[in-house]
Amino acid sequence: MSNPAVPPRSLAEALRARDDASLAALLRARPDLITPVPTDLTQLATRAGTRASVVRALERLDRFALQTAEALAVAADPAPYEELRALLTGDGGDPAVSAALPRALATLREQALVWGDDDRLRLVRTARELLAPSPQHPSPTGLGPTVQEATAGMSPGRIQDIVTATGLGSTHDAVSALASLTALFTDRKRMSALLAELSEESREVLTRLVWGPPYGQVTADPAAHLRRLLDLGLLVPTAPGTVVLPREVALHLRGGRAHRAVEPLPPAVEPAATHRPQVVDATAAGQAYTALATVEELLKDWDEGGPAVLRAGGLSVRDLKRTAVALDVAEPVAAFWVELAYAAGLLASDGEADERYAATPAHDEWLEQPAAQRWARLAEAWLTATRVSGVVGGRDAKERTLSTLGPGLDRSAAPEVRHRVLTLLAGLPEGASPSKESVLARLRWERPLRGPQREDDLRSRLAEWTLAEAELLGVTGRGALSGHGRALLGATAPKSPAQAPVGPGDKLPVHHRPTVAQPLSPAEQATASAAAALLLAPLLPEPLDHVLLQADLTAVAPGPLQRSLAEVLDVLADVESKGGATVYRFTPGSVRRALDAGQSASDLHAFLAAHARTPVPQPLTYLIDDVARRHGHLRVGAASAYVRCDDEAILNEILADKRAAGLRLRRLAPTVLAAQTDPASLLDGLRAMGFAPAAESAEGDVLITRAHAHRTPPRTAPEPVPDGPPIPDATLLSAAIRAIRAGDLASTTPRRQTDRPPPATGELPRTNSAETLATMQAAVLTGEALWIGYVNAEGAASQRLIAPVRVEGGFVTAYDHTADEVRTYPLHRVTGVAELADEA
């Protein structure tokens with residue numbers, strides 16, 4: 001640890017002065033710094049200053065923290081705290097900004113983007129390069145270069161002319177001339193007097209440039225009001241025909257503010273409507289039941305093998321349209337349900353030569369679970385999935401159309417955005433639904449876009465899709481987060497403003513603060529999903545074991561049916577309409593379908609009598625008996641195909657029917673007709689003519705036709721694509737910090753002076769094998785500690801402080817001060833050894 005009384009001279013020294021809790025907060029906020037674990041604090045500081053890591057950290061700052069960093073980028077380096085506050089509050093001051101600034105600065109310090117004491121604040125060099133103004137990359141503040149930077153290529157004589165024109169005394173060199181000019185431009189009183197002497201046209205030019213961009217175009221012979229600005233240095237030429245407004249001049253015109261609008265507090269998520277929590281939960285439960293029914297219907301439709309897989313992967317546009325018609329939903333909604341079933345591991349491609357999509361074995365297990373648990377599995381898959389159905393129909397980087405179930409749908413930010421949107425909903429009072437605009441405004445404040453703002457940024461689109469999908473899935477009801485949705489998130493109901501505590505410096509209303517900070521771990525999410533299922537279960541309707549039969553050959557299911565009843569009814573009747581009550585219609589074709597599946601007329605009568613709350617209507621009884629009487633009267637077999645019937649009159653009727661011409665029938669015997677077509681086509685043709693033939697086997701037995709479920713081999717659900725390295729848990733953080741501290745101790749311990757030049761900072765000691773062995777053996781006799789470089793079996797190099805105990809057989813056994821335990825190291829992996837100074 002460095003002396004806290006001495007100001008740090010580098011980021012590494014600032015990190016060295018931190019305690020373990022502060023280092024853990026840094027590694028948790030920037031997990032890319034821990035992959036792999038740095039060898040010491042110097043390497044950690046170097047990694048924290050790399051461009052990729054700094055860009056990632058800046059992209060995760062909220063708007064005010066980013067504005068604070070942008071203000072530091074245009075301040076002096078280093079800058080005192082008062083200068084930073086003045087850039088954010090302006091000459092008039094702003095109590096809200098002053099109150100929020102310590103928290104923003106603490107965030108920047110925690111993430112190692114700013115270091116130094118309050119009187120010497122420093123932005124890390126890479127962040128300053130990214131945020132500071134330049135002609136190629138204008139500053140988000142709209143400020144230009146300083147006077148000194150703008151006049152870097154100007155001749156000393158020209159600089160002296162500007163100094164003279166402003167009324168300042170001439171100097172002997174350009175450096176002092178620029179210093180006096182800077183002092184003038186930063187003096188509010190003298191600058192006001194200088195600007196008051198300008199014409200209205202000159203002041204209008206400055207007004208147009210003051211909030212950026214600070215660059216403008218002039219002709220080779222500028223007008224008088226422009227010439228006056230150039231003479232006074234209020235505009236400085238940077239290239240032929242281009243001038244820039246110096247930063248000091250712009251800040252004076254802005255009243256000292258670096259930004260036109262500073263947003264120290266996040267915008268509130270405003271409730272658009274408020275409902276009773278019971279109504280929200282009931283509505284969400286109804287949507288949850290509909291979601292389960294929709295996914296079940298989708299997988300039932302694909303039970304015998306779904307659509308073919310495109311050569312490039314995914315579902316064709318035609319198949320998506322067909323699926324949308326089958327589910328009676330719009331195509332984007334159909335894509336959502338298909339992707340949700342895929343994310344939950346319920347459907348996948350079968351991997352065969354003629355590759356098709358089908359249900360997985362996990363689907364059968366899922367069907368056996370209680371309804372609430374089935375919903376929890378779907379909701380958990382949706383919450384954590386990175387595949388986004390909303391981008392279906394768009395284009396990838398190679399201008400290829402993105403298809404459902406195809407590649408290129410992963411958006412790594414999706415889980416974080418979904419979690420954040422639901423967290424904002426959880427922060428509202430129970431039963432309150434937010435306005436979409438306020439949610440999007442809050443998300444843009446929390447993660448502002450660096451560079452030009454775009455209306456259709458990905459996070460905003462993800463948020464809009466999240467609100468719509470949460471309603472479809474039943475996580476929300478009437479736009480408000482339901483009780484089981486809150487449990488799925490792992491959140492608790494928000495307290496009233498009078499009950500909730502407010503921390504020091506916390507100026508936010510309680511309902512504006514999140515109730516959940518980070519997405520849950522897999523184990524925590526499983527627990528939360530189980531809790532959500534328990535809350536949802538009582539709200540779902542109980543499956544019914546009966547239907548209501550009507551005289552118009554329909555049956556009404558007043559609610560969800562038991563699975564066994566629904567499966568038989570789906571074969572015996574056609575679904576006519578869906579909704580709160582499902583209407584089934586009995587037709588000759590549907591009854592024949594049940595008979596083909598092996599049911600007899602008596603079986604069907606018994607089934608209807610057992611499950612009907614109303615008497616079986618006579619028309620339905622007649623329909624079943626009539627179809628059963630004719631079913632199987634004709635027999636079709638393979639000749640290519642044949643028809644046999646004991647009633648010669650029926651065969652004569654078939655031969656006389658013009659519709660039979662395509663079947664190319666001929667009589668082989670009084671009761672047998674032969675056909676030049678396959679049995680399946682012959683069956684379809686006779687049924688189209690109004691007959692009810694039955695297929696028979698080679699032995700003459702009636703064939704029972706049942707749907708054969710097609711299943712894929714065991715498949716796992718698609719793995720989410722992570723948005724960068726995962727956040728380390730407490731165990732990994734503790735181990736990493738111990739290793740970094742130990743490596744830092746080894747790298748900073750003083751070494752004994754030798755004739756050999758000392759290794760550079762971070763380099764391993766280098767000695768030959770004979771010298772290494774001799775030094776180790778001497779240390780065993782004297783009990784001294786040594787500094788060694790070591791390369792493990794994976795090739796990772798590290799520095800260690802050891803006290804050798806024994807050297808034999810090509811190994812050294814020593815007490816490792818960095819690991820705080822006795823270890824044995826192969827001598828051939830020791831790069832070198834150095835003795836420590838006596839005072840160490």
Trainee: Salt bridge or not between Asp118 and Arg109? Use side-chain N to carboxylate O under 4.0 Å.
Mentor: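 Between Arg109 and Asp118 there is a salt bridge, with a charged N closer than 4.0 Å to a carboxylate O.
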
Trainee: Is any side-chain heavy atom of Val805 less than 4.5 Å from a side-chain heavy atom of Val822?
Mentor: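 Sidechains of Val822 and Val805: no contact.
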
Trainee: Just by modelled atom types, is the Thr42 backbone N or O under 3.5 Å from a matching donor or acceptor in the Asp40 side chain?
Mentor: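 Checking the backbone N and O of Thr42 against the side chain of Asp40, a donor-acceptor pair under 3.5 Å is found.
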
Trainee: Walk me through whether Ser412 and Thr386 qualify under side-chain hydrogen bond (donor to acceptor under 3.5 Å, both in side chains).
Mentor: CA-CA 5 Å; Ser412 55; Thr386 55; over 6 Å; no

Trainee: Are the side chain of Arg254 and the backbone of Arg260 linked by a donor-acceptor contact shorter than 3.5 Å?
Mentor: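 Checking the backbone N and O of Arg260 against the side chain of Arg254, no donor-acceptor pair under 3.5 Å is found.
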
Trainee: Identify the heavy atoms of Pro7 and Glu13 that sit nearest to each other, and give their distance.
Mentor: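 Where Pro7 meets Glu13 most closely, the heavy atoms are O-OE1, 4.3 Å.
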
Trainee: Grab the two heavy atoms, one from Leu489 and one from His419, that are nearest each other, plus how far apart they are.
Mentor: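 Distance-wise, the nearest heavy atoms are CD1-CD2, 3.5 Å.
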
Trainee: Between Glu82 and Arg85, does any NZ, NE, NH1 or NH2 come within less than 4.0 Å of an OD or OE carboxylate oxygen?
Mentor: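 Salt bridge between Arg85 and Glu82, a charged N being under 4.0 Å from a carboxylate O: yes.
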
Trainee: Any side-chain to backbone donor/acceptor pair from Gln67 onto His259? Under 3.5 Å, distance only.
Mentor: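 A pair under 3.5 Å: no.
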
Trainee: Does the side chain of Leu15 reach to within under 4.5 Å of the side chain of Trp115, using non-hydrogen atoms?
Mentor: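 No. Closest side-chain heavy atoms not under 4.5 Å.
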
Trainee: Ignoring hydrogens, what is the shortest heavy-atom contact between Pro448 and Leu61? Give both atom names and the distance.
Mentor: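 Heavy-atom minimum between the residues: CD-O, 3.2 Å.
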
Trainee: Any donor-acceptor pair under 3.5 Å linking the side chain of Thr68 with the backbone of Phe64?
Mentor: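 Between the backbone of Phe64 and the side chain of Thr68 there is a qualifying donor-acceptor contact (under 3.5 Å).
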
Trainee: Determine the minimum heavy-atom distance between Asp457 and Ser460, stating which atoms define it.
Mentor: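 Smallest interatomic distance, heavy atoms only, reads OD1-OG, 2.8 Å.
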
Trainee: Please check if the side chain of Arg247 supplies one atom and the backbone of Gly144 the other of a donor-acceptor pair under 3.5 Å.
Mentor: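 Looks like yes, one N/O pair under 3.5 Å.
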
Trainee: Any sub-3.5 Å donor-acceptor pair from Thr50's side-chain atoms to Arg47's backbone N or O?
Mentor: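 Confirmed, Thr50 side chain pairs with Arg47 backbone.
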
Trainee: Do any N or O atoms from the side chain of Gln525 and from the backbone of Glu380 form a donor-acceptor pair under 3.5 angstrom?
Mentor: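 A pair under 3.5 Å: no.
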
Trainee: Report yes or no: does Arg128 contribute a side-chain atom to a donor-acceptor pair with the main-chain N or O of Leu72 at less than 3.5 Å?
Mentor: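 Checked: pair present.
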
Trainee: Could you tell me whether the side chains of Arg103 and Thr107 share a donor-acceptor contact shorter than 3.5 Å?
Mentor: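 Short answer, no.
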
Trainee: Please check this pair: side chain of Asp729 against backbone of Leu732, looking for a donor-acceptor N/O pair closer than 3.5 Å.
Mentor: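 Side chain of Asp729 to backbone of Leu732, a donor-acceptor pair under 3.5 Å: yes, one is there.
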
Trainee: Considering non-hydrogen atoms only, spot the tightest contact between Val244 and Pro246 and give its length.
Mentor: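 Here Val244 and Pro246 meet closest at O-CD, 3.4 Å.
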
Trainee: Does a salt bridge link Arg459 with Glu416, judged by any charged N lying under 4.0 Å from a carboxylate O?
Mentor: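 Salt bridge present between Arg459 and Glu416.
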
Trainee: Between the side chains of Arg806 and Thr824, does any donor sit under 3.5 Å from an acceptor?
Mentor: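 No, no side-chain donor-acceptor pair sits under 3.5 Å.
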
Trainee: Given Ser53 and Arg30, is the side-chain hydrogen bond (donor to acceptor under 3.5 Å, both in side chains) satisfied, shown in steps?
Mentor: CA-CA 8 Å; Ser53 182; Arg30 298 175 65 179; 2.7 Å; yes

Trainee: Using every non-hydrogen atom in the two residues, find where Ala104 and Ala65 come nearest and quote the distance to one decimal.
Mentor: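 Shortest heavy-atom separation between Ala104 and Ala65 comes out as CB-CA, 4.1 Å.
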
Trainee: Would the distance check show the side chain of Arg829 and the main-chain N or O of Tyr790 forming a donor-acceptor pair, the cut-off being under 3.5 Å?
Mentor: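 No; judged by distance alone, with no hydrogens or angles, the pair does not exist.
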
